[in-house]
Amino acid sequence: MEFSEWYAEVLRDAEVMDVRYPVKGLYVWLPYGFEIRQRVIEKLRKRLRETGHKEVLFPTLIPETQLEKEAEHIAGFEDEVFWVTHGGLKEMDEKLALRPTSETAIYPMFALWIRSHADLPLKVFQIVNTFRYETKHTRPLIRMREITTFKEAHTAHATREEAEEQVREAFEIYSSFFEDLGIPYVASVRPEWDKFPGAEYTVAFDTVMPDGRALQIGTIHMLGQNFSKTFDVTFETEEGDQEYAHMTCYGVSDRVVASVIAIHGDEHGLVLPPDVAPYQVVIVPILKKGMREEILQRAREVKEELSEVARVKLDDRDMSPGRKFHYWELKGVPLRVEIGAREVEEDTAVVFRRDEMERETYSASELPDVVPELLDEMKKNLRERAWERFEKFMHRAESLEEVREFVGDGIVETGWCGSEECGRKLEEEVEGDVLGTPYPEEKGPEFDRCPVCGEPAEHTIRVAKTY
RNA sequence: GGGGCCGUGGGGUAGCCUGGUCUAUCCUUCCGGCUUUGGGGGCCGGAGACCCCGGUUCAAAUCCGGGCGGCCCCA
């Protein structure tokens with residue numbers, strides 16, 4: 001089945017999102033999807049807090065003059081800004097933008113907050129919705145006009161070195177976050193022509209969707225002193241001089257959830273990593289005339305016991321077992337415990353693993369030990385499986401022909417002389433996008449030549465069809 | 001940016017070309033009841049739709065225009 005068709009069906013049938021909201025590019029989070037989202041958010045929130053980031057919440061609206069202060073920045077976004085122009089029936093004196101991103105909302109406040117070197121470093125984050133007037137193919141969680149879960153961090157530092165160090169910390173935070181969710185990725189320094197508007201450079205994380213197209217799932221921007229100069233973010237040094245702060249910002253969006261769904265899912269539906277699954281275990285009683293109460297009672301006991309070690313749901317709806325099996329498989333619940341007459345009599349339970357679609361019988365008493373082990377194993381298995389598939393999506397190419405051959409099937413690495421001209425020509429020739437050069441560092445010259453101009457390669461460059 | 005296709009109950013559809021018994025088909029879903037329960041069970045009963053605005057016409061799901069929404073292809 002086509003990936004996009006599969007994706008749409010899974011979002012609907014597993015009740016992640018309702019796409020029927022009558023505005024292009026806006027969608028509704030359903031309770032089940034919302035819980036997954038919450039758990040993903042918490043994973044990142046925890047990491048950010050542990051590394052000294054304080055959570056804040058800025059307004060959604062940004063005054064026009066403020067948004068347009070940084071010329072390069074606004075040039076990168078002006079085509080896609082939603083404007084609020086009226087208060088009731090009256091046109092407003094100054095238009096207000098629905099934030100496409102929050103730099104211009106936050107940094108003027110940084111300017112007020114930061115007085116001296118003692119106020120630095122300043123590290124904040126917020127989890128908010130942002131708006132972009134996308135003109136083409138919107139897709140739930142992948143390209144939306146309202147990004148609902150933008151987890152953005154902003155930092156200010158006294159020195160360039162500290163800001164560089166912050167970029168590395170952000171890289172570590174996101175790497176471990178994606179690792180934790182079993183999402184494979186590569187990190188690349190985006191080419192000059194595709195960096196964040198107003199940044200000195202951008203590091204981006206990309207994964208690959210099952211259809212072979214790359215998806216950007218996180219970005220880190222070294223802002224240098226660009227924004228601090230625009231918004232007058234200055235501090236007094238120990239020596240008593242006024243200096244501009246060195247800043248960074250980084251963010252991940254709803255696309256993380258899209259990746260979890262797309263990368264782990266299979267032909268039966270969602271396959272959720274245990275950490276983010278609303279239910280980790282579902283108990284399906286298999287009732288039999290004459291033993292109904294006994295079996296149900298047993299199921300309740302097992303639920304009690306397992307609730308100590310996992311999030312458990314007992315499905316006692318009046319439905320055939322087969323139907324329930326399909327229902328919970330579609331929803332990606334990691335483990336299913338089946339309890340019927342045989343299990344009651346033998347004091348056992350059948351445990352079904354969603355990732356491998358396999359059953360095994362355990363004695364009832366060992367369940368509380370087995371379940372956490374299986375959940376853990378499943379988490380590892382999902383990660384390994386995903387990385388294996390990802391490796392198959394990584395290609396190496398020496399010539400333009402070879403790049404072209406692989407470009408729809410994941411990420412292609414080739415040589416690059418380093419010129420923008422060749423980079424752009426490469427994109428044109430192979431009908432792909434340049435993702436950039438490897439980050440944190442290149443392993444050395446991996447390719448002899450730039451396939452465009454034939455000059456010696458200075459870098460490894462990555463190309464892919466992208467979302 | 002350019003081009004094409006499409007919009008009928010919650011989901012998927014027939015009907016549209018050739019306007020009229022359309023009181024709108026079938027599957028699924030949902031609700032109630034009985035019976036079932038080891039991989040999407042059966043029977044009975046019930047609920048639920050022509051995207052919006054305008055036009056043509058005696059008459060519009062059907063024809064025309066616009067809007068909104070969705071999908072696909074190319075740059």
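Only this structure's heavy atoms are used, side chains among them; waters, hydrogens and symmetry mates stay out. Below, chains carry the letters A, B, ... as their sequence lines are ordered, and counting in each starts from 1.
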Taking pairing as Watson-Crick or G-U wobble with both contacts under 3.5 Å, can you name the mate of [N], or confirm there isn't one?
N	answer
B:rC68	B:rG7
B:rA59	none
B:rA75	none
B:rG32	B:rC44
B:rA24	none

*Under 3.5 Å, is there a donor-acceptor pair between the side chain of A:Glu391 and the main chain of A:Glu388?*
no
*Is A:Arg132 reaching over with its side chain to a backbone N or O of A:Thr101, donor-acceptor style, under 3.5 angstrom?*
no
Check this for me, if you would: do [X] and [Y] make a salt bridge, where the nitrogen-to-carboxylate-oxygen distance has to be below 4.0 angstrom?
X	Y	result
A:Glu80	A:Arg145	no
A:Asp347	A:Arg298	yes
A:Glu421	A:Lys425	no
A:Arg404	A:Glu431	no
A:Arg300	A:Glu304	no

Are OP1 or OP2 of [N] and a side-chain N or O of [X] less than 4.0 angstrom apart?
X	N	value
A:Lys24	B:rC68	no
A:Arg323	B:rG38	no
A:Arg336	B:rG39	no
A:Ser320	B:rG41	yes
A:Thr138	B:rC71	no

Answer with base, sugar-phosphate or nothing: what part of the nucleic acid does [X] contact at a heavy-atom distance below 4.0 Å?
X	value
A:Phe352	base
A:Arg317	nothing
A:Lys289	sugar-phosphate
A:Pro321	base
A:Glu431	sugar-phosphate
A:Glu5	nothing
A:Asp13	nothing
A:Arg359	base

Between [options], which nucleotide gets closest to the side-chain atoms of [X]?
X	options	answer
A:Arg20	B:rG38, B:rG10, B:rG39	B:rG10
A:Arg342	B:rC30, B:rG39, B:rG38	B:rG38
A:Glu329	B:rC72, B:rG38, B:rG39	B:rG39
A:Ser4	B:rA75, B:rU37, B:rC72	B:rC72

_Tell me whether the side-chain N or O atoms of A:Arg12 pair up with the base of B:rG10 as donor and acceptor below 3.5 Å, since no angle test is needed here._
no
*Does the B:rG12 base have a donor-acceptor partner in the side chain of A:Glu9 within less than 3.5 Å?*
no
*Length of the line joining A:Phe325:CZ and B:rU37:C1', which is rounded to integer Å*: 10 Å
*Starting from P on B:rG11, measure out to CG on A:Leu11 and report it in whole angstrom.*
15 Å
Using the [atom1] atom as the point on both nucleotides, what is the distance between [M] and [N], in whole Å?
N	M	atom1	answer
B:rU8	B:rG45	C1'	25 Å
B:rC16	B:rG32	P	38 Å
B:rC52	B:rA47	C1'	25 Å

